[in-house]
Asks: 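Below: one structure in structure tokens.
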Amino acid sequence: VPTLKITNRPAPLTAECAQGKTFGPYTIEVHNPAAPHGNGLAVDLTGWELRGHVRKKYASSSIAATFITAIRDQTSFPGQATFMLTAAQTAAIPCGEKITASASKYVYDLELFDGSGKVIGLIRNPFIMEAEATR
Amino acid sequence: MSVTVTLQPKELIVIYLSEPIGAGVPTPDVIDGGDPSTTSTDFIDGGTPSSTITDFIDGGTP
């Protein structure tokens, strides 16, 4: 018998980021569920905002970086939002010599929220930093 | 609300929600006398549903 579950967890998507390089901007496109539960079309994100942080651990009180986000024009790019870190932001995130080093391991997530207080987790996972030679 | 993610070419991150959100999301049309939109779930009505509607009992032309 399969295990049933309900969840509001964000979907896993690992991020790898080179220190001192611009990360993104990456585009998220949010769709409503396909039929019969929805129309499958891109969501009109008017009234919604995107936010996300990078932290050493989920429980860390300090923020390693805050994503710069934007909701794109919903007429031309329905359902789309972008997130990025500047080169200066990624340069300021400490990391180890190798990506496998614990110093290079962070976590992140991104979520949508609206003025009514509704929050929808989108993606999360490890955020792996790689050291740079050119700086 | 759960989400499913896919990674498309050019690193476009496409996310499908488990529940509809956003402006313009139609209200499920359970009992009415109007013409539902192509995105409505129209169970009982007196209108003319489109071919994309799940139309169980009505007085229209499915």
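So you know, we letter chains A, B, ... as the sequences are listed, proteins then strands, and number each from 1. This one's a predicted model, so the numbers in the text were calculated from it and none came from an experiment.
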Asks: Which heavy atom of A:G38 sits nearest to which heavy atom of B:P20, and what is that distance?
Replies: CA-CG, 4.4 Å

Asks: What is the distance from atom CD1 of B:I13 to atom OG1 of A:T27, rounded to the nearest 0.5 Å?
Replies: 8.0 Å

Asks: Once you round to the nearest 0.5 Å, how far does CG of A:D44 lie from CD1 of B:I21?
Replies: 9.5 Å

Asks: Between A:N32 and B:Y16 (side chain of the first, backbone of the second, donor and acceptor by atom type, cut-off under 3.5 Å), is there such a pair?
Replies: no

Asks: Linking I/L/V/M/F/W/Y whenever any side-chain heavy atoms sit under 4.5 Å apart, do B:V5 and A:L45 land together?
Replies: yes

Asks: Report whether B:V14 and A:Y26 are members of the same hydrophobic cluster (ILVMFWY, side-chain heavy atoms less than 4.5 Å apart, transitive linking).
Replies: no

Asks: Should A:F67 and A:I71 be counted in the same cluster of Ile, Leu, Val, Met, Phe, Trp and Tyr side chains packed under 4.5 Å apart?
Replies: yes

Asks: Given heavy-atom pairs under 4.5 angstrom as the criterion, report whether the side chain, backbone, both or neither of A:I120 touches chain B.
Replies: side chain

Asks: Say you draw a straight line from CD1 of A:I28 to CD of B:E11; how long is it, rounded to the nearest 0.5 Å?
Replies: 12.5 Å

Asks: If contact means a heavy atom pair closer than 4.5 Å, which residues of residues 5-14 of chain A contact chain B?
Replies: A:T7, A:N8, A:R9, A:P10, A:A11, A:P12, A:L13

Asks: Side chain from CB out, backbone as N, CA, C, O: work out which of these in A:Q80 comes under 4.5 Å of a heavy atom of chain B, or both, or neither.
Replies: side chain

Asks: In this structure, are over 12 heavy atoms from other groups packed under 6.0 Å from B:Q8 atom CD?
Replies: yes

Asks: Hey, are the side chains of A:E29 and B:L12 touching, using non-hydrogen atoms and a 4.5 Å cut-off?
Replies: yes

Asks: With sequence neighbours left out, what residues match A:Y106 under ring-ring contact (aromatic ring centres under 6.0 Å, His included)?
Replies: none

Asks: Is there a path of hydrophobic side-chain contacts, each under 4.5 Å between heavy atoms of I, L, V, M, F, W or Y residues, that connects B:I15 with A:F113?
Replies: no

Asks: Are A:V119 and A:F83 linked, directly or through other ILVMFWY residues, by side chains that come within less than 4.5 angstrom of each other?
Replies: no

